[in-house]
Amino acid sequence: MNIILIGYMGSGKSSVGSELASKLNRKLVDLDDYIQKKESSSISKIFSEKGEIYFRKIERAYLEQILLENNDIILSTGGGTPCYGDTMQFLIENKSLKTVYLQTSLDLLTDRLQKEKDKRPVIAHLKTKEDLNDFIRKHLFERSYYYNQSSEKINTDTLSITEITDSIIEKLL
Ligand code: S3P
């Protein structure tokens with residue numbers, strides 16, 4: 001069974017994914033890294049040169065490719081992966097995977113993303129912390145509709161990466 005980590009940018013999908021993969025001795029695929037390798041480009045460059053619609057199209061296509069080619073992996077997705085087209089439905093209908101939503105509060109996401117927004121084209125243009133906080137509030141509200149359809153949900157606010165990882169193992173295995 002594949003384990004798919006979903007959640008907003010900055011929710012810890014990559015860090016949790018890598019600890020989960022090493023604890024379970026499974027292969028880790030990071031969808032953003034996979035896209036960058038396949039396209040020989042960075043996420044920021046893909047957005048600026050080809051546009052977001054192109055990015056969403058290949059994001060979905062690579063997701064399908066990864067799931068077709070793998071059986072027991074940990075997959076950390078991008079924050080928008082389940083939120084476009086019918087991707088969440090596609091994940092729900094796939095019986096050989098479980099989705100885990102890493103739920104993180106608005107203020108924690110704002111603090112984390114303020115420090116690392118430059119490589120994230122969706123938020124790179126936001127100048128002040130207040131702008132970022134406002135943007136995330138609305139965006140998270142829209143995206144939560146999709147995130148909340150996941151098989152499992154973990155509120156990560158008070159948990160370390162290790163505690164989140166152990167909680168996923170306890171819930172799923
Ligand atoms: C995006 C999140 C990013 C990356 C791209 C778009 C989004 O991944 O896929 O910049 O729309 O939320 P992370 O969640 O790993 O930052």
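Whatever order the structure lists ligands and atoms in, that order sets their numbers, starting from 1. Every value quoted in this text rests on a predicted model; they were computed, and no experiment measured them.
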Straight-line distance of [X] [atom1] to [Y] [atom2], nearest 0.5 Å:
{"X": "Asn133", "Y": "Leu109", "atom1": "CG", "atom2": "CG", "result": "9.5 Å"}
{"X": "Leu75", "Y": "Leu97", "atom1": "CG", "atom2": "CG", "result": "9.0 Å"}
{"X": "Cys83", "Y": "His139", "atom1": "SG", "atom2": "NE2", "result": "7.5 Å"}
{"X": "Lys171", "Y": "Ser151", "atom1": "NZ", "atom2": "OG", "result": "11.0 Å"}

Just jot down the ligand 1 atoms closer than 4.0 angstrom to any heavy atom of [X], in number order.
{"X": "Arg56", "result": "6 (C), 7 (C), 11 (O)"}
{"X": "Ile43", "result": "5 (C), 10 (O)"}
{"X": "Gly78", "result": "8 (O), 9 (O), 14 (O)"}

Shortest protein contact, atom 16 (O) of ligand 1 (heavy atom only): Arg120 NE, 2.7 Å
Closest protein heavy atom to atom 4 (C) of ligand 1, given as residue, atom name and distance to 0.1 Å: Asp32 OD2, 3.3 Å
Nearest non-hydrogen partners of Thr104 and Leu140, listed with the distance: O-CD2, 4.2 Å
Arg143 touching ligand 1 at heavy-atom level, < 4.0 angstrom: yes
Basic-acidic side-chain contact under 4.0 Å: Asp86, Arg60: yes
Do any N/O atoms on [X] end up under 3.5 angstrom from N/O atoms on ligand 1?
{"X": "Lys13", "value": "yes"}
{"X": "Gly10", "value": "no"}
{"X": "Gly80", "value": "yes"}

Exercise: do Gln65 and Tyr34 side chains pair donor with acceptor under 3.5 Å: yes
